[in-house]
Asker: 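Below you will find the structure I want to go over with you.
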Protein chains: 2
Amino acid sequence: MQSTCKNKAYLALMQTSKEIQECIRAELAKTDLHVTEFSVLEVLYFHGKQTIHEVAQRILVSSGSMTYVIDKLERKNMLKRVPCPDDRRVIHLVLTPDGEAFMQSIMPRHQERVEQLFGSLSEEESGTFVQLLGKIKHQLHVQV
Amino acid sequence: MQSTCKNKAYLALMQTSKEIQECIRAELAKTDLHVTEFSVLEVLYFHGKQTIHEVAQRILVSSGSMTYVIDKLERKNMLKRVPCPDDRRVIHLVLTPDGEAFMQSIMPRHQERVEQLFGSLSEEESGTFVQLLGKIKHQLHVQV
DNA sequence: ATCAAATATCTCAAATTAAAGACAAATGAA
DNA sequence: TTCATTTGTCTTTAATTTGAGATATTTGAT
């Protein structure tokens with residue numbers, strides 16, 4: 001059948017991403033953070049202050065999970081909830097100095113690992129890769 | 001920084017795969033199967049009889065989860081545990097006729113969705129995509 | 001033949017996640 | 001203005017997943 005090719009791409013994509021997730025989990029095991037907690041901090045580290053909703057959209061977890069994860073991160077003194085004065089439904093998340101320092105201490109190693117993973121791709125290939133993912137992602141939002 | 005490019009690829013990969021997973025979950029919501037259960041059946045459907053261990057490796061879930069998921073699938077009469085006579089530690093999983101029929105009824109729609117997702121990639125691009133994923137996956141197993 | 005190590009599965013407790021609904025606040029149409 | 005709808009967050013409950021350890025079997029070295 002001709003579908004085999006697309007299906008192969010699909011399976012490869014899903015399995016590789018899961019293995020990477022697994023690899024990150026192993027890396028984080030040395031800290032007392034879990035993948036989802038790390039993902040939240042990562043978003044704040046790269047994008048600065050964000051609403052809970054924005055972070056949830058980026059890392060794709062439910063609002064219930066967000067509350068749970070934020071509670072934990074707040075207890076660990078990694079971030080702070082900051083109510084938004086303009087819209088009282090909204091709460092912003094901000095890294096604390098501790099959170100900032102923590103991220104600065106572990107990101108270099110994380111970045112190194114990411115670069116190692118994608119290091120065998122040329123600049124051009126990385127570009128192509130992102131572009132192809134973009135095409136796939138675009139299809140996700142097309143009605144079937 | 002120059003790392004941005006690799007990091008972009010990394011983020012795109014992780015987010016796209018998560019969105020696809022989400023999309024599959026939504027699709028499966030119409031049945032009474034969850035993603036992990038479906039993944040197990042998918043492996044058996046494509047590869048035939050497999051040991052629990054083999055399936056776990058393919059779909060990357062812990063042994064504890066495997067037991068849980070298999071119990072559920074067995075209760076739903078989708079598959080059967082078959083002890084291996086050659087190695088008494090080993091248990092094979094086999095689709096029941098019901099499981100086979102069920103998969104045959106939902107796979108066309110699933111395949112269609114996969115093909116739609118990857119449909120905007122040419123044959124050549126699909127090939128490239130798989131190849132690039134292969135390179136990344138290979139790096140995963142390289143010591144750092 | 002014996003025994004340590006490796007392998008395959010299972011059990012159980014604890015952590016995590018999702019799902020549904022509640023609530024408060026903002027928006028926008030009438 | 002008013003009210004229905006939407007949005008953002010939280011609560012609660014139930015389902016799922018992990019992680020560590022238990023058990024049984026096999027493998028391989030001595």
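Below, chain A is the first sequence line, B the second, and so on; all start at residue 1.
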Asker: Between B:Met66 (CE) and C:dT7 (P), how many Å, whole number?
Answerer: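 Between P of C:dT7 and CE of B:Met66: 18 Å.
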Asker: Please figure out whether B:Arg88 or A:Glu22 has its closest DNA chain D nucleotide nearer the 5' end.
Answerer: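 Counting from the 5' end, the first nearest nucleotide belongs to A:Glu22.
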Asker: Ignoring the backbone of A:Arg81, work out which of D:dT17, D:dC10, C:dT16 is nearest its side chain.
Answerer: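 Nearest to the side chain of A:Arg81 among the choices is D:dC10.
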Asker: For C:dT16 and A:Thr36 - does any side-chain N or O of the residue sit under 4.0 Å from the phosphate oxygens OP1/OP2?
Answerer: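 False: A:Thr36 side-chain N/O out of range (4.0 Å or more) of C:dT16 OP1/OP2.
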Asker: Using the ring of each side chain (for Trp, its six-membered ring), is A:Tyr10 parallel, tilted or perpendicular to B:His110, with breaks at 30° and 60°?
Answerer: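 A:Tyr10 and B:His110: perpendicular rings.
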Asker: Can you tell me if CD on B:Glu124 sees more than 12 non-hydrogen neighbours from other groups inside 6.0 Å?
Answerer: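 No - once you tally the heavy atoms of other residues, nucleotides and ligands closer than 6.0 Å, there are 12 at most.
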Asker: Heavy atoms from C-beta onward define the side chain here; which of D:dC10, C:dT16, C:dA24 lies closest to that of A:Ile91?
Answerer: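 Nearest listed nucleotide: D:dC10.
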Asker: For the base of C:dT9, is there a side-chain donor-acceptor partner from B:Arg89 under 3.5 Å away?
Answerer: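 Answer is no: no donor-acceptor pair is held.
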Asker: For the residue pair A:Glu42 and A:Ile59, establish whether any side-chain heavy-atom pair is separated by less than 4.5 Å.
Answerer: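 They are not in side-chain contact.
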Asker: Quick one: B:Asp32 CG to D:dA15 P, roughly how many Å, whole number?
Answerer: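 These atoms are roughly 13 Å apart.
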Asker: Report the distance from atom CD1 of A:Ile70 to atom P of D:dG8, rounded to the nearest whole Å.
Answerer: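 In whole Å, D:dG8 P and A:Ile70 CD1 are 14 Å from each other.
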Asker: Among C:dT16, C:dC10, D:dT25, find the nucleotide with the atom closest to the side chain of B:Thr67.
Answerer: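 When the side chain of B:Thr67 is considered, C:dC10 is the closest of C:dT16, C:dC10, D:dT25.
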Asker: On DNA chain D, compare the nucleotides closest to A:Tyr68 and A:Arg25; which residue's is nearer the 5' end?
Answerer: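 Closer to the 5' end of DNA chain D: A:Tyr68.
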Asker: Of A:Leu41, A:Leu44, A:Asp98, which meets side-chain contact (heavy atoms from CB on, under 4.5 Å) against A:Met103?
Answerer: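 The residue from A:Leu41, A:Leu44, A:Asp98 that satisfies side-chain contact (heavy atoms from CB on, under 4.5 Å) with A:Met103 turns out to be A:Leu41.
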Asker: Please tell me if A:His34 has a side-chain N or O lying less than 4.0 Å from either OP1 or OP2 of C:dT16.
Answerer: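 So the side-chain polar atoms of A:His34 do come within 4.0 Å of the phosphate oxygens OP1 or OP2 of C:dT16, strictly under.
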Asker: Which of these nucleotides, D:dA15, C:dT9, D:dT18, is closest to any side-chain atom of B:Val90?
Answerer: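 The answer is C:dT9.
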Asker: Indicate the atoms forming the closest heavy-atom contact of B:Lys6 with A:Ser126, along with that distance.
Answerer: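 Heavy atoms only, the tightest pair is NZ-OG, 3.5 Å.
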Asker: Shared ILVMFWY cluster between B:Val40 and B:Met107, side chains joined below 4.5 angstrom?
Answerer: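 Same hydrophobic cluster.
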Asker: Looking only at side-chain N and O atoms, does B:Lys72 come under 4.0 Å of OP1 or OP2 in D:dT16?
Answerer: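 So the side chain of B:Lys72 is within the cut-off, an N or O lying under 4.0 Å from OP1 or OP2 of D:dT16.
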Asker: In terms of side-chain heavy atoms of A:Glu37, which of C:dT16, D:dT18, C:dA19 is nearest?
Answerer: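 Selected nucleotide: C:dT16.
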Asker: Nearest heavy atom decides the nucleotide; on that basis, is B:His92 or A:Asp87 closer to the 5' end of DNA chain C?
Answerer: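 Looking at DNA chain C, the more 5' nearest nucleotide goes with B:His92.
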Asker: Using a cut-off of strictly less than 4.0 Å between a heavy atom of the residue and any atom of DNA chain D, enumerate the qualifying residues of residues 52-64 of chain A by number.
Answerer: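 The stretch gives A:Ile52, A:His53, A:Ser63, A:Gly64 as the residues lying under 4.0 Å from the strand, ordered by number.
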Asker: Take atom CG of B:Asp71 and atom C1' of C:dT11, then tell me their distance rounded to the nearest Å.
Answerer: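 Those two atoms, CG and C1', are 11 Å apart.
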Asker: Figure out the CD/P separation between B:Glu74 and C:dT9, and round it to whole Å.
Answerer: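 Value for this atom pair: 13 Å.
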Asker: With a 6.0 Å cut-off (strictly less than), is the heavy-atom count around NZ of A:Lys18, excluding the residue itself, greater than 12?
Answerer: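 Buried by this count: over 12 neighbours within 6.0 Å.
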Asker: Side-chain contact, heavy-atom cut-off 4.5 Å: B:Asp87 with B:Thr51?
Answerer: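 No, every pair of side-chain atoms sits at 4.5 Å or beyond.
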Asker: Can you check the A:Leu28 CG to D:dT18 P distance for me, whole Å?
Answerer: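 It is 15 Å, rounded to the nearest whole Å.
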